[in-house]
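This report refers to the structure that appears directly beneath it.
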Amino acid sequence: MKSANYSLRSNGLSESILVATPFLAGLAVAAAALAGRYGIQAWQAFKARPPKPRMRKFYDGGFQPTMTRREAALILGIRENATADKVKEAHRRVMVANHPDAGGSHYLASKINEAKDVMLGKGKGTGSAF
């Protein structure tokens, strides 16, 4: 009789495991479905966002009446505390791209030259010819 009682208990335990297994499997499926839904929504939101420019943002606004070191550094694309060699190299690079003989503007060329002068400390605050 003892063995029969034991087998009943054993069947009861295995029966509760058999009942819990589909429940746990259903719970896992539901969790996977929710995670997949969240992933799809996140991907669609990622695709719908406006594209970010990959370049640096340009300086907003026009030129100051008298050029500052900050504005001169922004024009030349260097730091305010750049060495004289860096200033000359940046001036040459920007001037080649904007030279009036190569289709650039005389006004921009004068501002580039003024930026170089301000950065090198020559004729500080003289203003542009235009």
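In terms of heavy-atom proximity, M119 sits nearest to A73 at SD-N, 4.0 Å. Nearest heavy atom pair, residue I78 against residue A90, reads CG2-CB, 3.5 Å. When all heavy atoms of V118 and R69 are compared, the pair lying nearest together is O-NH1, 3.5 Å.
Within the structure, side-chain hydrogen bond (donor to acceptor under 3.5 Å, both in side chains) pairs that include any residue of residues 39-50 do not occur (at least two apart or interchain). Applying the side-chain hydrogen bond (donor to acceptor under 3.5 Å, both in side chains) test to residues at least two apart or on different chains, the pairs with a partner in residues 91-102 are H91-N113.
Grouped with V96 in a hydrophobic cluster is no other residue, since no side-chain heavy-atom contact under 4.5 Å to another Ile, Leu, Val, Met, Phe, Trp or Tyr is found.
Between the side chain of R70 and the backbone N or O of E80 there is no donor-acceptor pair closer than 3.5 Å.
Judged as a side chain to side chain contact (heavy atoms under 4.5 Å, CB included), and not counting sequence neighbours, the contacts of K86 are A82, T83. Annotation: side chain to side chain contact (heavy atoms under 4.5 Å, CB included) contacts of A109 (sequence neighbours excluded): M95, P100. For E89, there are no side chain to side chain contact (heavy atoms under 4.5 Å, CB included) partners at least two apart in sequence or on another chain.
Residues I75 and E114 are not in side-chain contact: their nearest non-hydrogen atoms beyond the backbone lie 4.5 Å or more apart.
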